[in-house]
Structures are given as structure tokens and as C-alpha cells.
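Below is one structure; the comments refer to it alone.
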Amino acid sequence: MPVNTQVINQRQLSWLVGSLLTGGGLLSIQHDQVRIAHMDTWFVYLLPTVYILFIAYVFTQLSMRLPGKHLFEINFILFGRWFGMLANVVVLIHLWFILLRDLRMFGKFIGTILLPNTPEEMIVLLLVVLLMFYGRTSAEVVSRVNDLFFPVFFTLTLMLPFLLSNEMSFRLLQPILTTSPEQLGYAGLLSVGWYGDIIIAGAFLHMIWNSRQIHSALRHGSLMATALLSLFLFMEVAVLGPNIPGNLIYPNYSLVQHIQITDFLDRMDLLILSIWFPIIVGKMIFIYLAFLIGIASLIRQRDYTLINSPVSLFLLLTTILAFKSTPEVFSFGNYSSPVFVLSYQPALLAAMLLLMRRFPKRSPERHAEQSSGRNQGHDRDGASKGGNRHPGKRFGSRLGAISGRAWLRAGNMLLALGFVFVGAGLIFSRNYALIGKLAGFGYAFVLALLLFVTHMEMRKAKDLAARSSPNSAQSS
């Protein structure tokens, strides 16, 4: 495939995935998680992270065997005309439900926090107009907008422990990992419902030509979201306690309201909301573009701008008429999402894994990795003879010598180590409180290392793609 068909790069895809998964956790799900798992609620995202990595593996295999195709086109190729159309309709119904859920939840959030006197229908109308505007563009525009705000959002979230250091009490977190495994499992299943939104990324597989970049971007973006959402839950319990967040509609907003930097900067929540708003809206635009791509695929077209206006009007009417009260919206979003995800996604992904074996792998990464290994060997020989001629050319000579597969295996081992920490804490912390503390510290350390390892994996994939692009361009 020619390189010029790439529309978004792997960094933009990883940040879009981070916004996609984090934006949903900011609105409603976390108060139910705290209500179920109490002080151990910040461990609940470990289970859905494994599900995300499985989806990333399936998407990578699909892009290697059917390059240049997105999920909806792949369904037609794998399942045939009629069964492929049925699979696409099921995915489109799920995307429609996601848009209904997010539009009403975000409309209620704005109406409760910022515009209490504005009718909710007008707020939803403005949001749909915004979707209609971006529906005339592509994912490239959304990714560029996301590039402006997601780094600020990521940095601001990491600063929360420092901004709320005078409000935290680690005694509220103790005893650590004394919640029953069943409760943690139930809270994890709720999270799987929101993490199942990652199926949307399949609509943009054709925009990145290198399958290894897709894999590393999805892994890094999902682990960024897991780290940020776990940090939010950790701070909610450490500041508000294990019971109060479960009785709040928006515990994240109540958390940032406690930020007070002297008497002059006592309304930091307004600044933080100005960062949250584009993250959540960008998530909805990303979903809406996937929805348009899916509908256009039913008529075997990629130009979805012609159906932008009627689809947005249909979405407006159904969003306003779908729910009668606020509890219906939250119940639908928090408790119906796992049902939708688990009812079709595992079966669909398993069927794809079986049917894709008919198609050979057409990927240039293997040749690039072999040539990369040979070049690294020559570099090491040259360094031993005459010193390192290119210090820090890529991302460090020693780190650059580590292969992408080694970073991948290290990430998988760290994820397994996270399960070991949580399992050991659940087994022994009831009798030995110190083991629970060590397990919690080890889990936090594993999340930090996972961010680093997946980042290096993504940079290694970029390096291999740069090596393989001339070969792929010549072969095409």
C-alpha cells in the first residue's frame, strides 16, 4: 500500500483511543464502580484492559491480512454479502446506542453543572450541530484537534495528586484489597461495557497502512486510559472516602472542586472543565464518524458526507425521544453497555479470527524487523570498533537495540504481574495488611512501567515502519 494513503499516524491514533476510553469514564460510570468495589475501586480497570488488548490483537491480524480495509469492509469480505451486512448492522446499532448514551449524558452534565436554566433539548441540538459540522470532515481533523487538548488533559490528570495533596488521606484507602473478588469482578464487567467502545477504532483501520503501528497505538492508548481512570478513582477515594463518591452523580467534578491553590485560584474546576469539554466532545465526534463510515459501507461507498445531514437529524430525534428521566439515562449507559458488548463482540471477534486464516499475511514489517536487527548488529560492531557514531539517533542506543517483540513481551509480562499483585492482595491482605499495601504499591508501579514500555513499543513500531516504507512503496 502506498504511504500516501496514511491519514493519521500511530501517535494520533493512540491519543484518540485514550480520549475515547477516558471520555466515557469521566461522566457516569465511576460512581457505580465506587458503590460496588468501595476503597479498592481503583483496581477494577485491570480486567477490561485485557479485553482491549485482545481486540487490538484481532485488529492487527485483520490489517495484516486485509490492508487498506476498515472493519465494515472486512466484514463483507469475511462473512459474505448477507452475513456481512448483518454483522455491520449489529455494530451500527451498538454505535447508535453509544451516541444516544453519550449525547444525553453529556447534555445532562452541561445542564447540571454549567447551564441549569437551558432546556436539555437545546443543549443536545447544539451538540448534534457540532457533530454535523465535523461530519463533513475526516478523522484527520479530529485527531489534530485532539492533539491540542489530550496532552494538556494527560498532564493535568497526572498533577491531581499534587494539586490535592492537602486534601488526601491515605487512611481512607485502607485496608487495601479486602473487597471480595466477586465485587471487583462485577465492577470490572461494568468497565468492559465502556471499554467495548474501542470497536469504533476498527472503522479507521484503513487510515494507517502499518499493522504493527496499529497494534502498538491501540495498546498504548488503552493503557493510558487505564492509568488515568485508575488515578481518578484513586484520588476520589483518597479525598472523598469510599462511600461519598458512590452517592454523587459526578464524583470527578466534585473531586476537582476541592482543588484550591491559595484564595486567588479557588475555582480550578472551571479551568479543568475547559479541558474536559473538548476531550468528551472529541470522543463523540470520533464515534459519529465511525457511525457514518459504517452506514456508507452498506451502500459500498466511502464518501459519507452525503448522508451526514439526514443521519444527524435522525440522531437528534432519537436522542431526545429515547429517555424520559435522568435515572433511565444512567441505567442505560452503565448497565446496558456490558450487555451489548458481551452479547456480540466476543463472538464476532472469534469468528473473524477463524475466517481471516483464508487470507495470507501481507505485511512488510517482518522484512523491516529483520533488516533492523542486522543494522543494529552492524551498529553494535561499529560502536565496539570505533565508538558510537550516532548517539541518541532514534531513542537511545541501548533502548533502540531492544526489538519490538521484546517490548511487547515485557508489556504482557507486566500485565500478568499486575494480576499477580492483585491476586496476592486479595488472598493475603485480610490477614496481613502489609501485603495489601505492598500489592497496591506494586500495582501502581506496574501501571507506570506499562506506560513506558508501550510507549517504547510504539516508537519501535514507528522506526520499523520508517525502514519498511521504501520497500512497501517500491513493491506497490
Side-chain angles (χ1 to χ4, degrees), residues 20 24 51-52 54-55 58-59 61-63 65-66 68-104 128 131-132 134-135 138-139 192-207 283-323 332-333 335-356 358-359:
L20 175 67
Y51 182 69
I52 287 284
F54 169 67
I55 296 179
V58 175
F59 283 171
Q61 295 297 317
L62 290 175
S63 62
R65 299 171 188 272
L66 298 168
K69 305 293 183 181
H70 54 70
L71 177 64
F72 301 100
E73 294 172 340
I74 290 173
N75 283 335
F76 280 115
I77 296 174
L78 294 181
F79 299 107
R81 179 181 179 183
W82 298 109
F83 287 103
M85 181 176 294
L86 177 62
N88 286 338
V89 168
V90 172
V91 176
L92 286 174
I93 292 175
H94 184 208
L95 299 188
W96 176 42
F97 287 161
I98 293 174
L99 288 170
L100 294 180
R101 177 197 70 192
D102 289 351
L103 283 171
R104 285 302 293 268
V128 172
L131 296 183
M132 186 186 302
Y134 279 95
S138 66
V192 168
W194 287 83
Y195 269 45
D197 296 356
I198 194 63
I199 197 72
I200 296 158
F204 305 95
L205 292 179
H206 62 293
M207 296 185 177
K283 173 203 172 181
M284 290 190 293
I285 296 172
F286 195 46
I287 300 170
Y288 180 68
L289 291 178
F291 190 56
L292 291 178
I293 291 174
I295 295 178
S297 69
L298 297 179
I299 55 176
R300 305 299 178 91
Q301 295 291 330
R302 280 195 174 181
D303 184 12
Y304 52 80
T305 56
L306 297 177
I307 61 173
N308 178 34
S309 298
V311 170
S312 60
L313 292 176
F314 168 78
L315 187 62
L316 174 63
L317 292 176
T318 54
T319 302
I320 294 176
L321 299 175
F323 307 101
F332 177 80
Y335 296 102
S336 299
S337 296
V339 177
F340 295 143
V341 169
L342 298 177
S343 63
Y344 82 94
Q345 282 190 12
L348 178 63
L349 296 173
M352 285 181 170
L353 282 177
L354 292 176
L355 295 176
M356 73 171 66
R358 298 177 299 168
F359 302 91

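Bear in mind that the values here come from a model prediction, so they are computed numbers and not experimental data.
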On the 0 to 90° scale, with breaks at 30° and 60°, tag the Phe204-Phe286 ring pair as parallel, tilted or perpendicular. parallel
Can you pull out every salt bridge (charged side-chain N to carboxylate O under 4.0 Å, His left out) where at least one residue sits in residues 81-93? Sequence neighbours excluded, please. none
Would you please indicate if the ring centroids of [X] and [Y] are separated by under 6.0 Å?
| X | Y | result |
| --- | --- | --- |
| Trp96 | Phe340 | no |
| Phe332 | Phe323 | yes |
| Tyr51 | Tyr195 | no |

Side-chain contact, heavy-atom cut-off 4.5 Å: Leu353 with Val58? yes
How many angstroms lie between atom [atom1] of [X] and atom [atom2] of [Y], to the nearest 0.5 angstrom?
| X | Y | atom1 | atom2 | answer |
| --- | --- | --- | --- | --- |
| Leu292 | Leu92 | CG | CG | 10.0 Å |
| Leu71 | Leu62 | CG | CG | 7.5 Å |
| Asp197 | Ile52 | CG | CD1 | 8.5 Å |
| Ile77 | Leu355 | CD1 | CG | 12.0 Å |
| Ile98 | Ile93 | CD1 | CD1 | 12.5 Å |

Is it the case that the side chain of [X] and the backbone of [Y] share a donor-acceptor pair, with hydrogens and angles ignored and the cut-off at 3.5 Å?
| X | Y | answer |
| --- | --- | --- |
| Ser336 | Gly333 | no |
| Arg358 | Leu78 | yes |
| Gln61 | Met356 | no |

Report the C-alpha separation of Tyr288 and Val311 in whole Å, then their side-chain angles, then the decisive distance to 0.1 Å, and conclude whether the side chain to side chain contact (heavy atoms under 4.5 Å, CB included) test is met. CA-CA 10 Å; Tyr288 180 68; Val311 170; 4.1 Å; yes
